[in-house]
Every structure is written in C-alpha cells, then in structure tokens.
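Taking it in order: structure first as structure tokens, then the write-up.
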Amino acid sequence: MAKALDGVKILDMTHVQSGPTCTQLLAWFGADVIKVERPGVGDATRGQLRDIPNVDSLYFTMLNANKRSVTLNTKADKGKEIFKRLIEECDVMVENFAPGALDRMGFSWERIQEINPRMIYASIKGFGPGPYEDCKVYENVAQCTGGAASTTGEIDGFPMVTGAQIGDSGTGLHLALGIVTALFQREASGRGQRVTCAMQDGVLNLCRVKLRDQQRLAHGPLTEYPQYPNGEFGDAVPRAGNASGGGQPGWIVRCKGWENDPDAYIYVITQAAAFAGLAKAIGHADWLEDPEWNTPEARLPKLDAMFEEIEKWTMTKTKFEAMNILNPLDVPCGPILSMKELAEEASLRATGTVVEVDHPERGKYLTVGNPIKLSDSPSDVDRSPLLGEHTDEILKSVLGMSDAEVAAAKEDGAV
Ligand code: CAO
C-alpha cells in the first residue's frame, strides 16, 4: 500500500534525539530518509549508553528506524561536492547541529536556497533569536528554560524535570509538523522555505496551561492548586505536586501492594459529575447528603482529607481492580504503569505502538512504533541502518554515480 510521504526525499543531518525523532516520524510516513553521518564516527548515540559491546545502542536504534545511512565528510572538498548534489536531489533537509555548524561547513540557508530553491530546510536549536541563541542545548536544559521544571515537582521541593522527553522528542514532533506544512505550501508556491523550531519554544508550547495560570494569578489564588486555600502563592506559578491542574481535583493514591511495588498507585480525578459513584464505591455514600462534602466548593478546602479517604479504599485493591471498578462509574483514573508493564502490554503490541524489531548485530529489541495512525498509510517499523550501510546504494541510485566515482570518493576519504 502506498504511504503518505512516498516520493519525498529527506536529507537527514540530525543527531542525538530531537532531530532523529522528527525524521523517524517522516520515515514512518513513507519518506526516503537519507541519514548523513561522519565516516567512521556516525551519530554519537550509536556508541552512547551501550548495553552490548560494539553494537549500535538502543538509544540509536530506537530513534533511527526506517532510515538509510550514508557516510559523508561534509567538510572535505569532495564530500561537499557530493553533499551539494544531495541537496539538489532532496526535498527536505533537517539538521540539529549546534548553532552555526552548517554555516561553518559552507551551507548557509542562502546557499541552500541557491542550490535548490524548492528545498525545505528545517532546523532545531536550543533557543530562538535572542540572548541565548548561540548555546548548545540538551533535553533537561530545554525543560528548565521552557517552564516545565519550574512548574513540576513537590509543592515545597526542588524544580523537577520529567522523564518524558518533551524538549527533544517534543521539539522533533513540532518540527515534523512544520515540515509537512511547508511541503503542503510548496505544492502551491513551488518554493521551499526555512522551518525552525527552538526547544525552549517547543517546551513552552507544551507548558501553555502554566502560562495561562501565570495570568490568572493576577486575579486571585489558583483554587485548583494544592496551595489553596491554606498555603501561600507568590508572584509566579508554583509547583503543584500531582494536582490535576485541569480544574478537576486529582491525585495519585496508593494501591494494594504499594509497600513492595514502586508503581502500585493510581491517579484518581474526582470530577464533579462522577462524584456520587466514586463516593459510593469507596463507602462514603454519607458524603452525598452532607453539605460539608456534597459540592465541589465544600470539598475544595479539604482535598487532602478526601484523597486520604479514597486511598483507604484503593489500598484494598490492586491498581487494575480499582480501575475496573471506577471506569464504569465514569471516574477518570489511570494506573501508574511501569515500563515493564508497557513493554508487555498486549494491546500496545497489537496496534504496533510497541514493536519488536530484528537487528543483524543486536538481535531482537523493542521499540516504540508510530503513535500516529493513518488509515491509508501503514507504518511498519524497519530496523535502524548500520553506519554507512547504504552509502554505495545512495551514491549510485540517488546521484547516479558510477562504480569508479564511488571508489574514488572512498579513496579520497569523502565517504
Ligand atoms: N562531516 C563532517 N563534519 C560533521 C559531519 C559530517 N558528516 N556531521 C557533523 N559534523 C561536525 C559539525 O559540522 C560540527 O563541527 P564544527 O563544530 O566544527 O562546526 C561538529 O561535527 C559537531 O557538531 P555539534 O557541535 O552539533 O555537536 P556537539 O556534540 O558538540 O553538540 C548538541 C551536540 C546536541 C549540544 C548540539 O548539536 C546542539 O545544541 N544542537 C541543537 C539543539 C539540539 O538539537 N539539542 C538536542 C540534542 S538531543 O538531547
């Protein structure tokens, strides 16, 4: 079956996590992603956090599925020549080097436009134009500078980063949307364009509700935060522990087995519309007649006490038993699932969200497949390429180079 991005050629200059997330998604949608890597070195993640000696790490294999790898020294003269020809042949170029790296190679946006006016040139940097534009940035730096860390954590504790890679993978997702949008506009305009996404901006976009709360602070306390009504608010949005933040009180409570299982917890949201069912389920039908409990306003000052009562009940059930009882009552809740549980979850395997892939050097490994499902564009996951696995193939089939030309480029150290 045809795929949505069949025929789109991507010159993938990305490395580490943010850029590769973007190009992997585009590859799943059918784009031909040609990953350019330094000869003999490759993407640094091939060798990072290795679990098996001399084998591409899971860090690399889980971010570079469905791509082809060509090695090319884009700083050598012959390499630059080949790179120029790849720019002529491709539709999109994606990079997430440190600021200025491509300019230093001699491939500024102006130069790229000159070579191929239809080229969509997409970049991720840590910051947009401003005081920090020259900084190198990794995931946690973006979480800290984009507003995630200052608004995450215990009420009286340190700022916290989250395990979800909202700076890297989140920005990669943003960039992928920018690229397909630019491809769509090119249909009408015939022109390429520059697509940029700063990690700080991507994180702030995901923290949009916290900027909402910052402005609400000027008009009174944030009543859904645990600081209300007994604590103090300063002049910036505080950390709110596990409060739901959506205007419906929620919290994580312990379940049966919590003493030995670090993930025996469930998130419960005490949405007003489903409160009666919840109160009855936990043995508190009395709350429904009691004006101290039977309205959201009455409950608000004593959420701690309410969640303690809920927890007394959840501690008699496993997280899955609690979910099975609360779900039919329309009480929004979610068991805290460990990575082990997610890896073993049959429904995620069935939908292709968790996929087992075979690799010639490491054997079988699990990866997260395409979370975006298109009914008319299948997303099979193919293993990541070995370093330079497709060099000859790409030089010959994409650039039409002869065997002798490929051999000369190798001799030159260009590939
Ligand atoms: N041939 C020749 N040279 C190559 C090459 C190739 N095929 N591919 C890369 N290089 C060169 C680059 O040109 C650069 O050289 P110069 O420094 O001389 O210009 C050099 O390799 C290293 O690139 P880098 O500075 O991007 O790499 P780094 O490890 O020092 O920094 C990172 C990594 C991620 C901090 C930086 O790239 C960055 O800030 N990127 C933008 C933000 C980003 O995406 N961060 C997310 C990373 S995932 O957590």
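Atoms considered below: every heavy atom in the structure, side chains included; atoms not considered: hydrogens, waters and symmetry mates. Nothing fancy with the numbering, it's 1 onward along the sequence. Remember, it's 1-based here, ligands and their atoms both numbered in the order they're listed.
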side-chain contact (heavy atoms from CB on, under 4.5 Å) partner of Val94, chosen from Val33, Val195, Leu175: Leu175

Less than 4.0 angstrom from a charged side-chain N to a carboxylate O is my criterion; do Glu89 and Lys84 meet it? no

On a heavy-atom basis, I'd like to know which of Phe97, Phe127, Tyr138 is closest to atom 33 (C) of ligand 1. Tyr138

Check this for me: does any side-chain nitrogen of one of Arg216 and Asp213 sit under 4.0 Å from a carboxylate oxygen of the other? yes

Does Arg46 qualify as a cation-pi partner of Phe60, given the criterion of NZ or CZ under 6.0 Å from the six-membered ring centre and within 45 degrees of its axis? yes

Contact check, side chains of Arg38 and Thr71, non-hydrogen atoms, under 4.5 Å: no

Looking at ligand 1, does Met13 have a heavy atom less than 4.0 Å from it? no

For atom 13 (O) of ligand 1, closest protein heavy-atom neighbour: Met105 CE, 3.1 Å

Relative to the heavy atoms of Val16, which atoms of ligand 1 are at a distance of less than 4.0 Å? 47 (C), 48 (S), 49 (O)

Close approach of His15 to ligand 1, heavy atoms, under 4.0 angstrom: yes

Would you check whether Ser18 reaches within less than 4.0 Å of ligand 1, judged by its heavy atoms? yes

Distance filter under 4.0 Å to Ala101 heavy atoms, resulting ligand 1 atoms: 19 (O)

Interfacing atoms of ligand 1 (cut-off 4.0 Å, heavy-atom, Gln17): 48 (S)

Side chains of Gln17 and Ser169: donor-acceptor distance under 3.5 Å anywhere? yes

Closest protein heavy atom (residue, atom, distance) for atom 40 (N) of ligand 1: Asn96 O, 2.9 Å

For atom 30 (O) of ligand 1, the closest protein heavy atom turns out to be Lys136 NZ, 2.4 Å

Check whether any N or O atom of Met199, backbone or side chain, sits under 3.5 Å from an N or O atom of ligand 1, and answer yes or no. no

Who's the nearest protein heavy-atom neighbour of atom 7 (N) of ligand 1, and how far? Leu72 O, 2.9 Å

Polar contact flag, side-chain donor to acceptor under 3.5 angstrom, Ser108-Asp103: no

Do NZ/NE/NH1/NH2 and the carboxylate oxygens of Glu389 and Arg68 come within less than 4.0 Å? no

Just checking, is any N or O donor in the side chain of Ser384 or Asn64 under 3.5 Å from an acceptor N or O on the other one? no

Residue Glu139 vicinity, atoms of ligand 1 by number, heavy atom under 4.0 Å: 49 (O)

The option among Arg104, Glu95, Lys75 carrying the non-hydrogen atom nearest to atom 18 (O) of ligand 1 is Lys75

Relative to the heavy atoms of Asn73, which atoms of ligand 1 are at a distance of less than 4.0 Å? 1 (N), 2 (C)

How far is atom 49 (O) of ligand 1 from the closest protein heavy atom, and which atom is that? Asp168 OD2, 2.6 Å

Would you call Asp43 and Lys35 a salt bridge, taking side-chain N to carboxylate O under 4.0 Å as the test? yes

When you check the gap from the basic side-chain N to the acidic O, do Lys410 and Asp392 get nearer than 4.0 Å? yes

Find all atoms of ligand 1 within a distance of less than 4.0 Å from any non-hydrogen atom belonging to Ile124, and give their numbers and elements. 41 (C), 44 (O)

Is Arg186 paired with Asp91 through a side-chain N to carboxylate O contact shorter than 4.0 Å? yes

Starting from atom 45 (N) of ligand 1, which protein heavy atom do you reach first, and at what distance in Å? Val137 O, 2.7 Å

Any idea which protein heavy atom is nearest atom 3 (N) of ligand 1, and the distance to it? Arg38 CD, 3.6 Å

With respect to atom 36 (C) of ligand 1, which of Ala98, Ala44, Pro39 exhibits the smallest heavy-atom separation? Ala98

